[in-house]
Novice: 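Below is a structure I'd like to ask you about.
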Amino acid sequence: MLVLLPPSEGKYAPRRGAPLDLDALRSPGLGPARRRVLDALVAVCRDDPDAAAAALGLGPTQRDLVSRNAGLATAPTARADRVYTGVLYDALDLASLDAGAKRRAGRRVAVVSALLGLVAPGDRIPAYRLSGQSVLPGLGPVAGVWREALGPAVRDALGTGLLVDLRSSAYAAFWRPEPDLAGRTATVRVLHEQDGRRSVVSHFNKATKGRIVRALLEHGADPRTPAALAGTVRDLGWTVEEHDQGARGTRLDVVVRAL
């Protein structure tokens with residue numbers, strides 16, 4: 001099983017640690033694409049802070065993030081599971097897992113990153129600001145770079161297992177599973193039900209996804225099909241509705257009524 005997560009917008013900035021080593025990251029085949037994106041981001045943030053702020057959607061009070069990006073090549077790094085923060089990652093709380101669950105997370109969890117493509121929990125990365133919808137001068141849309149490069153890396157990390165795609169729409173655009181993976185691809189949507197009405201609420205969506213991944217890692221289950229995943233998640237206490245398989249896989253709706 002491989003679980004694809006979106007990154008967090010907010011990040012913990014390490015104060016000490018070795019600088020970024022692209023060659024040490026998982027999925028080394030992404031090296032050239034990583035270098036292209038990193039160089040383009042550093043260059044615009046260093047040479048034209050105004051253009052960088054516009055490209056990154058940053059306001060006047062966020063210029064420190066431009067300066068941070070300009071120094072990414074030498075910035076301190078920490079494990080990705082410490083750098084990524086926010087609702088999903090707080091609920092997932094990888095650091096508090098027991099040793100067995102942490103080992104499973106290292107094999108089964110990957111973050112899709114606008115800067116680095118595919119990131120393992122143990123990869124050492126700096127805090128950066130770059131969204132999946134960003135367009136960088138001299139590079140173009142970052143999604144376009146990853147659309148060309150990400151597929152082989154995901155397939156290699158996936159092997160013969162089940163792909164559990166929890167990415168947000170911006171990061172889903174980086175790579176979409178090909179039809180031959182449809183039988184072993186599950187996407188998960190979280191619906192908040194209140195007074196008989198259902199809606200997608202960001203906080204419920206992120207927190208529930210983090211809790212589901214944590215529960216799967218703790219349980220140790222390794223479902224091989226979307227139906228088996230749905231059954232496991234039900235056994236773990238959630239209400240799950242399974243839809244028919246489509247060209248991109250099977251959608252599972254997890255219905256929650258309260259956090």
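Sequential numbering from 1 along the given sequence is applied to the chain's residues. If you're wondering where the values come from, they're calculated on a predicted model, not measured in any experiment.
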Novice: Can you tell me how the ring of Tyr84 sits relative to the ring of Tyr128, calling it parallel under 30°, perpendicular over 60° and tilted otherwise?
Specialist: perpendicular

Novice: Could you measure the distance from the CD1 atom of Ile125 to the CG atom of Leu22? Nearest 0.5 Å is fine.
Specialist: 11.5 Å

Novice: Do Thr232 and Leu216 have side-chain heavy atoms sitting under 4.5 Å apart?
Specialist: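 Of all side-chain heavy-atom pairs linking Leu216 with Thr232, at least one is under 4.5 Å.
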
Novice: Roughly how far, to the nearest 0.5 Å, is the SG atom of Cys45 from the CG atom of Leu58?
Specialist: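 If I round to the nearest 0.5 Å, the distance is 8.0 Å.
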
Novice: Strictly distance-based, threshold 3.5 Å: is any side-chain N or O of Ser8 a donor or acceptor partner for the main-chain N or O of Thr85?
Specialist: yes

Novice: Between Ser113 and Leu118, is any pair of side-chain heavy atoms under 4.5 Å apart?
Specialist: no

Novice: Indicate yes or no: at least one non-hydrogen side-chain atom of Trp146 is less than 4.5 angstrom from one of Val37.
Specialist: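 Counting from C-beta outward, Trp146 and Val37 do come under 4.5 Å.
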
Novice: Do Glu178 and Arg155 sit within salt-bridge range, that is, some charged N less than 4.0 Å from a carboxylate O?
Specialist: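 Here Glu178 pairs with Arg155 in a salt bridge, since their nearest N and O are under 4.0 Å apart.
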
Novice: Around Arg248, counting heavy atoms of other residues, nucleotides and ligands shown, do more than 12 lie under 6.0 Å from its CZ?
Specialist: yes

Novice: Going by an N to O cut-off under 4.0 Å, is there a salt bridge joining Arg189 and Glu241?
Specialist: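 Answer for the salt bridge query: no.
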
Novice: Does some side-chain heavy atom of Leu162 sit less than 4.5 Å from a side-chain heavy atom of Arg224?
Specialist: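 Heavy-atom side-chain distance check fails, nothing below 4.5 Å.
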
Novice: Would you call Val112 and Val154 a side-chain contact if the rule is heavy atoms closer than 4.5 Å?
Specialist: no

Novice: Using side-chain heavy atoms (C-beta onward) and a distance below 4.5 Å, is Leu38 in contact with Leu20?
Specialist: yes

Novice: Check the surroundings of atom CZ in Arg82: do more than 12 heavy atoms from other residues, nucleotides or ligands lie under 6.0 Å from it?
Specialist: no

Novice: Got a second to check how far Leu41's CG is from Leu56's CG, nearest 0.5 Å?
Specialist: 6.0 Å

Novice: Stepwise, does the side-chain hydrogen bond (donor to acceptor under 3.5 Å, both in side chains) test hold for Asp64 with Ser67?
Specialist: CA-CA 5 Å; Asp64 61 310; Ser67 299; over 6 Å; no

Novice: Roughly how far, to the nearest 0.5 Å, is CG of Leu2 from CG of Leu163?
Specialist: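 If we round to the nearest 0.5 Å, Leu163:CG and Leu2:CG are 6.0 Å apart.
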
Novice: Taking everything shown except Lys206 itself, do over 12 heavy atoms lie less than 6.0 Å from its NZ?
Specialist: no

Novice: Give a yes or no on whether His219 atom NE2 has more than 12 heavy-atom contacts from other residues, nucleotides or ligands under 6.0 Å away.
Specialist: no

Novice: Output, in order, the C-alpha distance, side-chain angles, deciding distance and verdict of salt bridge (charged side-chain N to carboxylate O under 4.0 Å, His left out) for Asp23 and Arg35.
Specialist: CA-CA 10 Å; Asp23 294 333; Arg35 176 56 62 188; over 6 Å; no

Novice: For Asp195, is there an ion pair with Arg197 - N to carboxylate O distance below 4.0 angstrom?
Specialist: no

Novice: Quick one: does Asp123's side chain get under 4.5 Å of Asp81's, heavy atoms only?
Specialist: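 No; the side chains remain at least 4.5 Å from each other.
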
Novice: Any heavy-atom pair between the side chains of Leu116 and Leu25 that's under 4.5 Å?
Specialist: yes

Novice: Has Arg167 got a side-chain atom pairing as donor or acceptor with Tyr171's backbone, closer than 3.5 angstrom?
Specialist: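 Yes, Arg167 side chain to Tyr171 backbone: donor-acceptor pair under 3.5 Å.
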
Novice: Take Thr160 and Arg184 through the test side-chain hydrogen bond (donor to acceptor under 3.5 Å, both in side chains) and record every step on the way to the result.
Specialist: CA-CA 9 Å; Thr160 60; Arg184 53 190 181 104; 5.8 Å; no

Novice: Salt bridge between Arg129 and Glu9, side-chain N to carboxylate O under 4.0 Å?
Specialist: yes

Novice: State plainly whether the residues Arg26 and Asp156 are in salt-bridge range, i.e. N to O under 4.0 Å.
Specialist: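 No.
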
